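Worksheet for the structure shown next.
In each ligand, atom 1 is the first atom listed, and ligand 1 is the first ligand listed. Only a predicted model underlies this, so the values are computations on that prediction, with no experimental measurement involved.
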Amino acid sequence: MHWRIDTQGQTIALATEGGIPEVIYWGPSLPEAEDLGQLALAARNDITGGMLDKLPSLSLSPEPGRAFQGQPGHMLAEADGTPLLPAFRFDRAEAAPGRLTLHSRAEGLTLSHHLRAEDTGVITLQTTLQSDRPIRVQWLAAPVLPAPQQGEMIDVHGKWIGEFHLIRTPWAPGIRLREARTGRSGHEHPPYLILAGEGCTNTAGAALALHYAWSGGHRMVAEELPDGRRQVQFGHALGAETEPGTRFQTAELIVACSSQGLNGLGAAFQRDLRDRVVQWPDAARPRPVHYNCWEAVYFDHKLDTLAEIATRAAALGAERFVLDDGWFGRRDDDTSSLGDWTMDRRKWPQGLHPLIRHVHSLGMTFGLWFEPEMVNPDSDLFRAHPDWMLGPRDQITGRQQMVLNLALPEVRENLFQQVSAILQEYPIDYIKWDHNRLLPVVDAAQTRGIYDLIDRLRVAHPGVEIESCASGGGRIDAGILARTHRVWLSDSNDALERLRIQHDAALFLPAAVTGSHVGPRHCHTSGRVLPMAFRAWVAAQRHMGFEMDLRELTEDEALTLGRVTSWWKANRDWTMAGTILRLDSDDPAVTAEMQVSAAGDRFVVFAGQAETSRQILPRPLRLAGLEPGARYTVTLTNPEDAPRQSRGPTAMKAAPLTLTGQALMTRGILLPVAWPATMWVVEGRKA
Ligand code: GLA
């Protein structure tokens, strides 16, 4: 028996000979005429010395009890701990257009693999396991996929203020294991994997990719078996299901396929997150320019200061004012009050009303910071309910705080009431939802509890947008983005660091959800001092905001920031709905991308000069994603940023050029020389 599931550009084909079905093809769309019976036959391999007499199946869940010599797709036990090695037989398929569920059964267990073709071009896959008695699940993989025999793996590593480093690893016999055991998707091992074909670049070549939509920490197994076959497994972290149960399910595994280099994957993931995963309260509402006060005042909240800053923020173009940490309990530093979500009357004797009235009078909306999952031992909540925390009593704290056990309904109810009360009392259209410590234990019930709490709040307050922050980018995945609308990509507001982080994160995240702020002149996380034009343009690459004491701005800086913000607002309708394409820059000192409108009729190039180039003159920058035969007019947006040393006849300094897509993608554009920490911006229009 065989099946196939297709999206635009991607096919997965499956077959069974009686056991759990196996993926016999995953890659670019197969022609409709493909004979799946022949394809299944073509997938049969030989047997030779040193092997068993039949090749154990690399099925959607390779079975530990069937002599499979690699990592199994499930590890189960009876409730009392006795290992369970069920021999599954294929039972039945349920197929509808774009949907396929394959059920296999064994000894009171039903293992179901769900595949769904999404309009955005990705395919989503999920595993459920149903049992007629309580059992224990140590490991349950989302549907297991075979990996190609050529190319390399690219996955992601990061840290606080240094998120989204791409790590390239060649395949070799054995396992590459990535496991996030911090109770969140994490800075360290974000749940993404790219399988890049030989010679794949940003703009050309074949690649596949996977993204596990779960915020509680995952396990990824990429294994080359002794026989040479390769498999990729994603699931919750090992042992995350701590209780016996009768129903288990993995998160969604989202997979994409590209024959246009890494950009094809980026385009599919960006589109899928923005247009399918994120549930916008009002999709037509333009993304507002943010002001966030954290790096301006920290915990030192004073109405007068914040009101003055708000006035300046509005004058520069901000449309939403976010009051960060420090407004509740007695929170003068990070040692106390998490859990006590009531107004600090010492700082806010009349509550937030005077500030919000002022913010509204300036035409901005108001947002507020919470960290609902956390509790400080120095808090009324902890003193009243010491038994509500997650993990052992004598655990190591993180940022002086503990975690509440969100698996407990009474904890969720308490938090729902506290957060709801604030949202009811004040006109708040935005929550910055933070999560600033690593969890003491791995527990899937905690993640389900968080999801449940956010979902309840969203139903009760449907107009409120939420940002997922976790010390910057510590919780960025499609599980949290199904219930939030923005991610705080990094606590680094250093534009040089940001340029790199944003570039690499663009393989997975659309501009519309990626928060990016212009930080203080003297950067608080690197000590660097960077020019305002560069800081502003880097923030303008994504969902723009400011985060500094705006009273520090010189007149020149304010003019520059105001100008770039106006540019961003004039263009956000199409940039936020467009696609980010990473350019293959021939100068390693230049980090460059294009943002192309959905209709393909306009684009903007951001060419960031991250350091001094080795050669004297700029190398041409080859564009991407254009129609070869169409003509485009390209205009340098910011010629005023040319350094004094630029004294040659670079045409783009003087006037727009009109060239075909072919010329722009092959010959490229020549920009003027640039100082490090500057950004050239080029706008293009189809003629
Ligand atoms: C985290 C966030 C910051 C800020 C602080 C407040 O570190 O990443 O942006 O909100 O918490 O305590």
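If you look at Glu467 next to ligand 1, there are no close heavy atoms at all, none under 4.0 Å.
Arg483 places no side-chain N or O within donor-acceptor distance of the main-chain N or O of Asp452, the cut-off being under 3.5 Å.
The shortest heavy-atom distance from His435 to ligand 1 is not under 4.0 Å. Within the structure, ligand 1 lacks Glu371 among the residues with a heavy atom less than 4.0 angstrom away.
Side-chain rings of Trp341 and Phe328 approach one another, their centers coming within less than 6.0 Å.
For atom 2 (C) of ligand 1, the closest heavy atom belonging to the protein is Asp434 OD2, 3.0 Å. Among all protein heavy atoms, the one lying closest to atom 8 (O) of ligand 1 is Asp491 OD1, 2.6 Å. With respect to atom 10 (O) of ligand 1, the closest heavy atom belonging to the protein is Asp324 OD1, 2.7 Å. Of all protein heavy atoms, the one closest to atom 12 (O) of ligand 1 is Asp325 OD2, 2.6 Å. In terms of protein heavy-atom proximity, atom 9 (O) of ligand 1 is closest to Lys432 NZ, 2.7 Å.
Judged by the 6.0 Å and 45° rule, Arg320 forms no cation-pi pair with Tyr291. Cation-pi geometry between Arg498 and Trp488 is met: under 6.0 angstrom from the ring centre, within 45 degrees of the axis.
For ligand 1, the atoms sitting less than 4.0 Å from at least one non-hydrogen atom of Ser471 are 8 (O), numbered in the order shown with element in parentheses. Residue Gly472 approaches ligand 1 through these ligand atoms, each under 4.0 Å from one of its heavy atoms: 8 (O). Near Asn436, with a cut-off below 4.0 Å to any heavy atom, the atoms of ligand 1 are 1 (C), 7 (O), 11 (O).
Here the rule is ring pair (Phe, Tyr, Trp, His ring centres under 6.0 Å) with His290, and of Phe321, Phe546, Tyr430, Trp568 only Tyr430 fits it. The ring pair (Phe, Tyr, Trp, His ring centres under 6.0 Å) test with Phe299 singles out one residue from Trp369, Trp294, Trp327, and that residue is Trp294.
Here the shortest heavy-atom pairing between Arg572 and Val289 reads NH1-N, 4.1 Å.
Any N or O atom pair closer than 3.5 Å counts here, and Trp294 shares no such pair with ligand 1. For a threshold of 3.5 Å applied to N or O pairs, the pair formed by Cys469 and ligand 1 contains no separation below that value. Between Glu547 and ligand 1, not a single N/O pair is under 3.5 Å apart.
Looking only at atom types and distance, the side chain of His189 has no donor-acceptor partner in the side chain of Arg181 under 3.5 Å away.
Taking the six-membered ring for Trp and thresholds of 30 and 60 degrees, Phe164 and Tyr192 have ring planes inclined between 30 and 60 degrees apart.
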